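Let me begin by presenting the structure, written as structure tokens, before commenting on it.
In what follows, chains carry the letters A, B, and so on, assigned in the order in which the sequence lines appear, proteins first and then strands, with residues in each chain numbered from 1. Quantities reported herein were computed from a predicted structural model and do not represent experimental measurements.
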2 protein chains.
Amino acid sequence: MKKLINDPKDVVTDSLKGMALAHPDLLDVDVDTHIVYRQLKKTDKVAIISGGGSGHEPLHAGFVGHGMLDAACCGEVFTSPVPDQIMEATTKVNAGKGVLHIVKNYTGDVMNFEMAAELAAAESDVEVATVVVNDDVAVQDSLYTAGRRGVGGTLFVERIAGALAETGADLEAVREIAQRVNDNTRSFGLALTSCTVPAAGRPTFDLGEDEIELGIGIHGEPGRERRPLQSAHELAKELVEAITADLDFTGGPVIAMLGGMGASPLSELYLMYGECEALLAEKGIKVARSLVGNYVTSLDMAGCALSVCRADDEMLKLWDAPVKTAGLQWGE
Amino acid sequence: MKKLINDPKDVVTDSLKGMALAHPDLLDVDVDTHIVYRQLKKTDKVAIISGGGSGHEPLHAGFVGHGMLDAACCGEVFTSPVPDQIMEATTKVNAGKGVLHIVKNYTGDVMNFEMAAELAAAESDVEVATVVVNDDVAVQDSLYTAGRRGVGGTLFVERIAGALAETGADLEAVREIAQRVNDNTRSFGLALTSCTVPAAGRPTFDLGEDEIELGIGIHGEPGRERRPLQSAHELAKELVEAITADLDFTGGPVIAMLGGMGASPLSELYLMYGECEALLAEKGIKVARSLVGNYVTSLDMAGCALSVCRADDEMLKLWDAPVKTAGLQWGE
């Protein structure tokens with residue numbers, strides 16, 4: 001295992017220390033609890049929290065800031081954050097207007113966020129609403145999941161719900177749009193290589209020299225099938241077909257993300273995006289907004305995923321609103 | 001070779017097609033000439049062009065836009081752009097106030113930009129000034145270089161000169177600050193793995209299972225030495241020592257970038273940044289601004305580089321000015 005780390009057991013702590021130093025004006029990082037808070041807490045809005053296992057950076061800590069999250073709870077690598085940690089974050093960010101939990105659909109995450117929500121309600125009278133993200137069309141159930149996995153679509157949910165929260169909307173409205181974004185989003189990914197979890201020290205799975213895994217999960221969970229490497233054009237077809245077979249995206253505009261898994265260079269991601277957008281256009285699907293880069297990753301896995309969200313005018317407007325986080329940033 | 005590409009000979013064209021589709025409001029991409037132009041051309045400013053071999057994305061095409069470049073000339077992978085291409089871009093972006101060429105110090109780049117500048121002056125009466133970036137302290141000469149190589153510091157030069165150009169400063173002022181940034185910037189990188197050039201189809205160099213290359217070039221050129229992998233803390237020491245041995249950064253503030261080579265996950269880059277900033281602090285060097293991520297890359301190489309710029313107040317102010325490009329974006 002070749003990684004830029006110290007002791008594998010300290011990777012999350014060490015990485016958060018670096019994040020704190022890199023973003024002193026944007027983030028307050030509690031290195032002990034592994035909670036990343038937004039600076040300049042706003043007191044007149046619904047607060048939004050997400051979190052999950054580490055290893056998907058910039059998700060979630062990199063999306064803390066204006067227009068997205070108020071806090072992120074970072075678990076160990078590919079390990080759910082714990083209820084106490086989530087409860088602490090929930091209580092701290094609550095400004096009296098309630099807290100939305102954005103939870104990727106993995107059994108541990110769902111359970112621990114649920115427990116934290118109950119604790120926060122019981123002990124501190126915090127009103128919590130939850131949206132569970134389950135956008136991955138690859139498999140119905142998975143290693144760590146009952147139902148579909150939550151993957152790249154989480155970014156869409158965090159961004160659009162985060163933007164609505166900034167307007168002063170109430171908890172039910174923020175929850176509703178988060179759910180709506182999730183319900184209209186589908187994702188599908190593929191891996192060229194495995195990731196390597198630092199504590200394990202070796203690749204999570206083996207892939208042959210010319211083999212890829214279609215429908216890969218962001219923890220290296222098995223997808224739909226392995227097959228020989230194909231051209232970008234052929235692979236893009238697989239991504240687009242998997243998603244469009246699951247939901248009808250024709251008609252309205254969509255937001256499309258071609259996300260890297262962490263170790264594929266940006267030039268390849270742009271190349272794949274071009275193939276995907278052209279294929280979507282052939283199907284009459286019009287991309288209104290797009291994002292290309294590493295956003296919801298899987299450590300050092302090479303590969304990519306396509307996420308598409310069927311967006312209405314409200315979603316597009318919120319997507320365009322200013323956002324200022326470490327991982328996503330744009331102005332008016 | 002496992003890459004998300006079609007025919008290796010088309011990688012630059014195919015990637016630029018994707019970039020054009022991904023940024024319709026920001027970029028005008030001439031797919032035939034491999035020139036990326038900024039939309040909304042400003043007519044009252046010095047124009048700035050950069051370019052070089054492809055494979056370092058988001059550099060340079062990803063830095064075209066408000067506050068950085070007016071155009072980028074993309075060569076084939078790790079191959080200089082040609083004089084005609086550079087001349088065409090130079091002529092097109094010139095708004096009568098002259099054009100600055102920002103050139104990384106590689107023999108082919110320097111020669112071709114020089115030839116293009118002469119052609120543009122002779123044929124179209126365009127005034128061209130040039131800054132050659134040579135921030136890499138690793139080696140004095142290299143495979144493709146007489147003198148030091150130009151690497152991560154190019155981003156600092158493009159950003160700060162780009163911001164000054166937006167204010168309406170004249171060509172000499174923009175050239176002067178570009179040169180000043182370069183003169184105050186030092187970089188040093190390391191590789192955990194080789195990159196693989198698509199047309200070659202195999203890794204540029206071989207590294208043992210536990211071996212790293214210190215002082216690596218962004219085309220996989222040899223650095224100072226190979227040695228066994230060490231902890232992030234020890235590796236950060238190497239980066240910081242190499243840079244600070246070359247220039248005295250104590251006293252004034254600095255801008256620091258911990259840049260990934262392309263295939264190292266963001267969590268490792270933050271971790272390395274934390275180690276570097278702490279070591280710089282021990283030496284009395286105060287980081288005023290920082291950047292962590294993949295900015296000046298080497299295809300699918302794993303590894304990182306530290307770039308540090310001794311910044312005066314003017315540079316910091318320009319650094320903070322709004323920038324809107326595909327690869328770097330912030331508001332007021």
Side-chain angles (χ1 to χ4, degrees), chain A residues 2-7 11-12 14-23 54-55 57-58 62 77 192-193 209-210 212 229 231-233 235 258 262-275 277-278 287 290-292 294 297 299-300 302-304 322 324 326-327 329-332, chain B residues 2-7 11-12 14-23 54-55 57-58 62 77 192-193 209-210 212 229 231-233 235 258 262-275 277-278 287 290-292 294 297 299-300 302-304 322 324 326-327 329-332:
Chain A
K2 264 188 191 174
K3 289 181 184 287
L4 299 165
I5 61 174
N6 297 307
D7 191 323
V11 287
V12 176
D14 288 354
S15 183
L16 287 176
K17 280 182 189 167
M19 205 173 186
L21 289 170
H23 303 289
S54 293
E57 290 71 21
V77 173
L192 302 188
T193 67
E209 197 55 46
D210 288 313
I212 62 160
L229 177 66
S231 71
H233 182 71
L235 294 176
L258 195 291
S264 284
L266 189 56
S267 51
E268 295 181 31
L269 304 182
Y270 273 121
L271 194 156
M272 281 296 291
Y273 177 75
E275 295 289 348
E277 189 183 311
V287 177
S290 65
L291 204 55
V292 179
N294 286 303
T297 62
L299 293 168
D300 52 355
C304 69
K324 189 175 183 177
Q329 197 163 143
W330 54 74
E332 296 283 0
Chain B
K2 263 189 195 175
K3 289 182 184 288
L4 298 165
I5 61 174
N6 297 307
D7 191 321
V11 287
V12 175
D14 287 355
S15 183
L16 287 175
K17 280 182 190 167
M19 205 172 186
L21 289 171
H23 303 289
S54 293
E57 291 72 22
V77 173
L192 303 188
T193 66
E209 197 54 45
D210 288 313
I212 62 159
L229 177 67
S231 70
H233 182 71
L235 293 176
L258 194 293
S264 284
L266 189 56
S267 52
E268 295 180 30
L269 304 182
Y270 273 121
L271 194 156
M272 281 296 292
Y273 177 76
E275 296 289 350
E277 189 183 310
V287 178
S290 65
L291 204 54
V292 179
N294 287 302
T297 62
L299 292 170
D300 52 355
C304 69
K324 187 174 184 179
Q329 196 162 144
W330 54 72
E332 296 282 0

Under 4.5 Å from any heavy atom of chain A, what part of B:Ser267 do you find: side chain, backbone, both or neither? both

Is there side-chain contact between A:Leu258 and A:Cys304, with at least one heavy-atom pair below 4.5 Å? yes

Side chain, backbone, both or neither: which part of B:Glu277 has an atom under 4.5 Å from a heavy atom of chain A? side chain

So which atom in A:Leu269 and which in A:Gly303 form the shortest heavy-atom distance, rounded to 0.1 Å? CD2-O, 4.3 Å

Steps toward side chain to side chain contact (heavy atoms under 4.5 Å, CB included) verdict (A:Val77, A:Leu299): CA-CA 9 Å; A:Val77 173; A:Leu299 293 168; 3.9 Å; yes

What residue in A:Lys17, A:Met272, A:Met19, A:His23 has the most heavy-atom pairs under 4.5 Å with chain B? A:Met19

Best-contacting candidate, B:Thr297, B:Val11, B:Asp14, B:Asp210, against chain A by heavy atom pairs under 4.5 angstrom: B:Asp14

Counting heavy-atom pairs under 4.5 Å with chain B, which one of A:Asp300, A:Leu229, A:Ile5, A:Val292 comes out on top? A:Ile5

Among A:Glu209, A:Glu57, A:Gln329, which residue has the highest count of heavy-atom pairs closer than 4.5 Å to chain B? A:Gln329

Assert top hit (heavy-atom pairs under 4.5 Å, partner chain B, pool A:Ala278, A:Ser231, A:Ser54, A:Gly55) equals A:Ser231

Heavy-atom pairs under 4.5 Å with chain A - which of B:His233, B:Glu275, B:Lys3, B:Lys324 has more of them than the others? B:Lys3

Closest heavy-atom pair and its distance - B:Ser290, A:Ala22: OG-O, 3.1 Å

Quick check: closest heavy atoms across A:Ala232 and A:Leu271, and the distance to 0.1 Å? CB-CD2, 3.4 Å

Taking side chain as C-beta onward, heavy atoms only, is A:Leu4 less than 4.5 Å from B:Leu235? yes

Chain B shares the most heavy-atom pairs under 4.5 Å, among A:Gly274, A:Gly331, A:Ala263, with A:Ala263

Shortest non-hydrogen separation from B:Gly327 to B:Pro58 and the atoms involved: CA-CB, 4.1 Å

